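The next block holds one structure in the form of structure tokens; read it before the comments.
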Amino acid sequence: MAGRGVAAFRVFVAACGLLVTFGCSAFENFEREGSETVRSAERVRFSMSFQPAQPGEELPRELVGSFEGEIVEGGDRARLSMDIPSVPGGILGPDIEFILLEGGPVYIRPIADPESLPEGKTWVLVELSQLPQVAPGMEHFITFLTNDRFFQTKDLDEDDQVGTEVVRDVETTIYSSSLEVEEVAEVVGLSEQQVADMRSVVGDDARFKFWLDDEGFIRRMEMPTSLPPDSGDFEDPVVFRIELYDYDGDFDVSIPPESEVMKE
């Protein structure tokens, strides 16, 4: 079970990075030549999770839960809170909060076991280069901090419309698109091994759906995916989902004061 739990968790965080990275390329396909951004936001809340591909199906325990957080000031800071089951093998469990800065460093707060830190210290400061060792896979979330396109309204082609749906009480229009793995690799500069890894997760094409509100803000993004063979017995396809909401809401992500921070 240890191997299965670790593999599934790494699929979770890897899919986060894949969807964010591929999403930028997909935007290029969506936006018509000459279209203009209507307006930008400075803050947004988001949720990231796996969903069963078919209603009524159950996910394996390792994929149940979500990452919640906020991105502020045009994407230079973000807060992430994990709400997923504990998995063995040295991977950080639930109830961990991260504050990520563009280019680093990263602040980590162990909510579940705050007594593990010295008295008066609430946060641990970790340099960006150390993050893969401290929290494997969490480095993928840094890509959120440089994706200003999440904060911009979109003018999408009507030919890509596939339906409508209410997301978090907001009326949205659904758009669909896909990119071949080779095209993604060329755009983002993937190595041969990275291409092989990507194929094991998304197949030959990276397929996307976007839900946009009447202003053109993204309210939901999805990418269907399959779990790699070492993730366990679960072989059914799943969907990785990001939802964005509360654009320009009344919240902030503040850097902890030095008196509350322990350096690694």
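Position 1 is the first residue of the sequence; numbering continues from there. This structure is a prediction, so every number in the text was calculated from the model and none was measured.
- Atom-to-atom distance recorded for L100:CG and L80:CG is 5.0 Å, nearest 0.5 angstrom.
- Classification of R220 and E243 as a salt-bridged pair holds, one side-chain N sitting under 4.0 Å from a carboxylate O.
- In this structure, R219 CZ and Y245 OH are separated by 11.0 Å, a value rounded to the nearest 0.5 Å.
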Problem set entry | Verdict with supporting geometry, D76 and L101, side chain to side chain contact (heavy atoms under 4.5 Å, CB included) | CA-CA 6 Å; D76 67 358; L101 278 67; over 6 Å; no
For this session: Please step through salt bridge (charged side-chain N to carboxylate O under 4.0 Å, His left out) for the pair K121 and E260, ending with a clear verdict.
Result: CA-CA 4 Å; K121 303 296 183 181; E260 298 179 6; over 6 Å; no
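- One distance of note links OG1 of T172 with CG of D213; it measures 8.0 Å at 0.5 Å rounding.
- With contacts defined as side-chain heavy-atom distances shorter than 4.5 Å, the pair S47/R168 qualifies.
- Defined by atom type and a distance below 3.5 Å, a donor-acceptor pair is missing between the side-chain atoms of Q161 and T173.
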For this session: Step by step, work out the side chain to side chain contact (heavy atoms under 4.5 Å, CB included) result for I99 and V253.
Result: CA-CA 8 Å; I99 292 181; V253 177; 3.8 Å; yes
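- Counted by atom type alone, S49 and Q51 present one or more donor-acceptor pairs between their side chains at under 3.5 Å.
- Using a 4.5 Å heavy-atom threshold, the side chains of D160 and F210 count as separate.
- Y175 places none of its side-chain heavy atoms less than 4.5 Å from the side chain of V162.
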For this session: Show the numbers, then the answer: is there a ring pair (Phe, Tyr, Trp, His ring centres under 6.0 Å) between F240 and F50?
Result: CA-CA 5 Å; F240 184 74; F50 276 116; 5.4 Å; yes
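- Using a 4.0 Å cut-off between a side-chain N of Lys or Arg and a carboxylate O of Asp or Glu, D252 and R77 qualify as a salt bridge.
- Each of F46, W211, Y247, F151 was scored for a side-chain contact (heavy atoms from CB on, under 4.5 Å) with I218, with one residue passing: Y247.
- E70 has no carboxylate O lying under 4.0 Å from a charged side-chain N of R43, or vice versa, which leaves the two without a salt bridge.
- Here the side chains of V106 and F98 are in contact, with some heavy-atom distance below 4.5 Å.
- Across all non-hydrogen atoms, the minimal contact from E97 to S81 is CG-OG, 3.8 Å.
- In this structure, F217 CZ and S40 OG are separated by 7.0 Å, a value rounded to the nearest 0.5 Å.
- Following chains of ILVMFWY side-chain contacts shorter than 4.5 Å, one cannot reach V167 starting from M221, and the two form parts of different hydrophobic clusters.
- If you take CD1 on I108 and CH2 on W123, they are separated by 9.5 Å, rounding to the nearest 0.5 Å.
- Considering CG of D248 and CZ of R45, their distance stands at 11.5 Å, rounded to 0.5 Å.
- Of all heavy-atom pairs between V261 and P256, the closest is CG2-CB, 3.8 Å.
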